[in-house]
4 protein chains.
Amino acid sequence: MSDELNLQEILQETENDTLKLTPKQTKILEAAIEIFSEKGYNATSTSEIAKRAGVAEGTIFRHYKTKKELLFSIVTPMITKVALPVFANKFVKEVFSPDYDRYDQLLRTLVYERYQFVKKNLPFLKIMLQEMAFHPELKEKLQQQFSQHVYPSFKEKVEHYQKEGQIRDYPVESVIRFVMTSIIGMIVTRLLILPDAEWDDEAEIERTIDFIMYGIHQS
Amino acid sequence: MSDELNLQEILQETENDTLKLTPKQTKILEAAIEIFSEKGYNATSTSEIAKRAGVAEGTIFRHYKTKKELLFSIVTPMITKVALPVFANKFVKEVFSPDYDRYDQLLRTLVYERYQFVKKNLPFLKIMLQEMAFHPELKEKLQQQFSQHVYPSFKEKVEHYQKEGQIRDYPVESVIRFVMTSIIGMIVTRLLILPDAEWDDEAEIERTIDFIMYGIHQS
Amino acid sequence: MSDELNLQEILQETENDTLKLTPKQTKILEAAIEIFSEKGYNATSTSEIAKRAGVAEGTIFRHYKTKKELLFSIVTPMITKVALPVFANKFVKEVFSPDYDRYDQLLRTLVYERYQFVKKNLPFLKIMLQEMAFHPELKEKLQQQFSQHVYPSFKEKVEHYQKEGQIRDYPVESVIRFVMTSIIGMIVTRLLILPDAEWDDEAEIERTIDFIMYGIHQS
Amino acid sequence: MSDELNLQEILQETENDTLKLTPKQTKILEAAIEIFSEKGYNATSTSEIAKRAGVAEGTIFRHYKTKKELLFSIVTPMITKVALPVFANKFVKEVFSPDYDRYDQLLRTLVYERYQFVKKNLPFLKIMLQEMAFHPELKEKLQQQFSQHVYPSFKEKVEHYQKEGQIRDYPVESVIRFVMTSIIGMIVTRLLILPDAEWDDEAEIERTIDFIMYGIHQS
DNA sequence: AATGAATGAGGCTTCATTCAT
DNA sequence: AATGAATGAAGCCTCATTCAT
């Protein structure tokens, strides 16, 4: 698993940060992510991380003052990535293009993209999910990311389609919730609740989009 | 908070169990539920539980052989309650009555009932959610409860309405997922993600039902 | 095992003591002897004793103020019994009779009698042996018993036979040591070191007496 | 006492083992041996060992995973040493030489050597003796050592002298038992039962050898 | 930068003993 | 006499963190 993760890419706070990770540091992070996501932060000992990383116990504390700092060095950058302004960054220009006059295309892209992202970064996200419950800082940071980078462009689009009469006249917040809830619900079911079930990912995604579309679409 | 919880009622496995909790035991359970849900199982020390419960630390271990047994004595009964077969038990006779020929009534009752349940038992459920990630036994028990008590009657109803042409022709599993995902999504948003936001519960529930209805309804 | 032990008989300090043991007390003693001898005094918990005795934890402390008092109530009477003045009490009159002019008869009786005693009371003796190492009171009491009741009559007999030229002219203490050491060595080998070996008890006892006889006998 | 013990020498399993003991580890072992032998394994707390060793309690567990492992690291090597094949190693060549045609020389060396050994390692041996009663592994290991390294060469010599008509025609096992029992009996009396008595070690050893000789010697 | 021995606070658990019933 | 819930001190052990090398 660890070789699939491109830590260099994922763990940098912003894209400008030049993050130099020594090999040992990379090993430590890989090990920490693995074990944190298997057993939880509190049930993981630094000595176990050191062992799995193949470094001495003290080495961890050379790079991270405390165990908590190690956790945050994993989770914090991920928060930014999770809330990665899908719309804003990648689609903002295309979305109002003639090709996107039907928003199911937008939705489809969104779903596929997020699904791949979650699949690739599941251990990170498990840790984040668990620890956000006990570290309000994390929760706040994510919410702030959301309201700054996701919500505005999401809202803009919803209102756009509402004006065009394509989306039902719910409050924008509700629409966003319906959409996200359905997508996240599918992903969670797929990857956490029933990871061993046989799934036709494509079909299931299509059905989910269908469901959302009918649910919010102005008939 | 603790006085709202009726432990006697909640913590008994089946309704026939005569569960005698001594006062001290009740105090211990209340304290444990509070702190587990605040900080998580692993971050909670038995000495802290004892202190908050106002008992000696040894007293905990008179009633629960290990800390884990204490956790399970809290979570296990809740699993049964969570999967409480709303349909089967309460509505099975009414649901096919003429009054329920429109299934939004069914849905409405389901949502209201589950919402109240979660609201009342939030600390329990937080603990359950967190710990299921690290105790496969718990996850398995919940899944088994679900497939035995929830899924069958849910499926029956969905198929009933599909035959009548009222529900779109998705796989039953997908329909169930859409419905549950939307309900759970609303509840989670309301109680965990934005507990401090101003919500019009009634209106939000109605909208959520609307969304589900349009989403799965055969137009 | 417990039914073979006649606690009433064994556990009374002196023969005049009228020792009334309630049924519960007897159960407690039986259980304590069993477990002490299996696991040692320190590794035995009072709750385990209570459980095996079928009484409540508190009941033990109704009869014995402390766990140590329970131990001593088992070991102390046994000390008297162990040092039971074999010679003095039973044989003093016979030993100088014409039948005993050869002291091997004396020895033979001594060995048989002590062997049976040890065999019957092995658990007691194991406890005594173990705990004497850590409770000087016990060791002192045994030594005092020995020098008061065993040593004098033993000495008398040894000197008697030395005067008659039948026992070699070693210091009496040495003769006693040779004799006891050989007997105890045989018993310990038989019952503790090789309890599962096939032994011809009779033959082995005879050989041991032979060995002692040749060893101390004035040829 | 502790400075008399050469732990490095004693605690190594075989002479090839390069046993590196850090100073702290040595302190821990010295303290453990002292207190174990004074109060017994179960009555000794790790915190007391730490205190007497002048280290933190945690340090003990850096070197020995459990308290039991600490015990075994003390007792196990001693088992080998106890069964040290005196005959085989040191005398095997000389014993059949003309000088040894009288086996009392052999016996004398054996007794002296073992006596010195016990005297020097008394704390170790006390611990071993006590704990063998509750740890069958230890007992089995000692018995195995005995039957592999002591018994064969002992037997060989006994049979040699029996063939020469110098040792009485008892079963070899009995002869060995008589000899060992008498030696051990003397040592135990001297060092454990009457450590404060005035003894003429030389004379007592000579007398014991005498006793054994007469006891087993074919007159 | 890296190591790993050492620390000591704190965790879970056991246990002898007490006491109200 | 008997019970057994309750106690709290103490036991073994783990762990994040420090520091000399």
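Note: hydrogens, waters and symmetry copies are ignored here, and every other heavy atom, side chains too, is used.
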Whole-Å distance between [N] [atom2] and [X] [atom1]?
X       : N      : atom1 : atom2 : value
D:Leu21 : E:dA5  : CG    : C1'   : 14 Å
D:Leu71 : F:dC12 : CG    : P     : 12 Å
C:Tyr64 : F:dA1  : OH    : P     : 11 Å
D:Lys24 : E:dT7  : NZ    : C1'   : 9 Å
C:Ile35 : E:dA16 : CD1   : C1'   : 15 Å
B:Ile28 : E:dC12 : CD1   : P     : 14 Å
A:Ile60 : F:dA16 : CD1   : C1'   : 10 Å
B:Arg62 : E:dT17 : CZ    : C1'   : 11 Å

Quiz prompt | 5′-ward residue of the pair C:Pro23/D:Phe61 relative to DNA chain F | solution =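 Its nearest nucleotide being more 5', the pick is C:Pro23.
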
Practice problem: Would you please say whether a donor-acceptor pair under 3.5 Å links the side chains of D:Glu57 and D:Thr46? | Solution: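 A pair is found: one side chain offers a donor N or O, the other an acceptor, under 3.5 Å apart.
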
Quiz item: Looking at the side chain of B:Ala56, which of E:dA1, F:dA16, F:dT7 is the nearest nucleotide?
Solution: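 Looking only at side-chain atoms, B:Ala56 lies closest to F:dT7.
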
Quiz prompt | Nucleotide of E:dA16, F:dG11, F:dA16 approaching D:Ser47 most closely (side-chain heavy atoms) | solution =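 Among the listed nucleotides, the one closest to the side chain of D:Ser47 is F:dG11.
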
Quiz item: Considering heavy-atom distances to DNA chain E, does A:Glu57 or C:Gly58 have its closest nucleotide positioned more toward the 5' end?
Solution: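 This one resolves to A:Glu57.
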
Answer yes or no: does a side-chain N or O of [X] lie under 4.0 Å from OP1 or OP2 of [N]?
X       : N      : answer
C:His63 : F:dA1  : yes
A:Thr46 : F:dA16 : yes
D:Ser45 : F:dA10 : no
D:Lys65 : F:dC12 : no
D:Lys67 : F:dC12 : yes
B:Lys68 : E:dC12 : no
B:Thr59 : F:dT7  : yes

Reported [atom1]-to-[atom2] distance for the pair [X] and [Y], which is rounded to 0.5 angstrom:
X       : Y        : atom1 : atom2 : value
D:Leu71 : D:Thr44  : CG    : OG1   : 9.5 Å
A:Ile33 : A:Arg52  : CD1   : CZ    : 12.0 Å
B:Glu34 : B:Ile127 : CD    : CD1   : 10.0 Å

Quiz item: In the structure shown, which nucleotide is the Watson-Crick or G-U wobble counterpart of E:dG11, with both distances under 3.5 Å?
Solution: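 E:dG11 is paired, partner F:dC12.
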
Practice problem: Searching all strands shown, indicate the nucleotide that pairs with E:dT21 (Watson-Crick or G-U wobble; both distances under 3.5 Å). | Solution: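 Base-paired to F:dA2.
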
Quiz item: Does B:Thr76 reach the main-chain N or O of B:Ser73 with its side chain, forming a donor-acceptor pair under 3.5 Å?
Solution: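 Absent.
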
Quiz item: With B:Ile35, which of B:Lys51, B:Glu48, B:Glu30 fulfils side-chain contact (heavy atoms from CB on, under 4.5 Å)?
Solution: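 Among the candidates, only B:Glu48 passes.
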
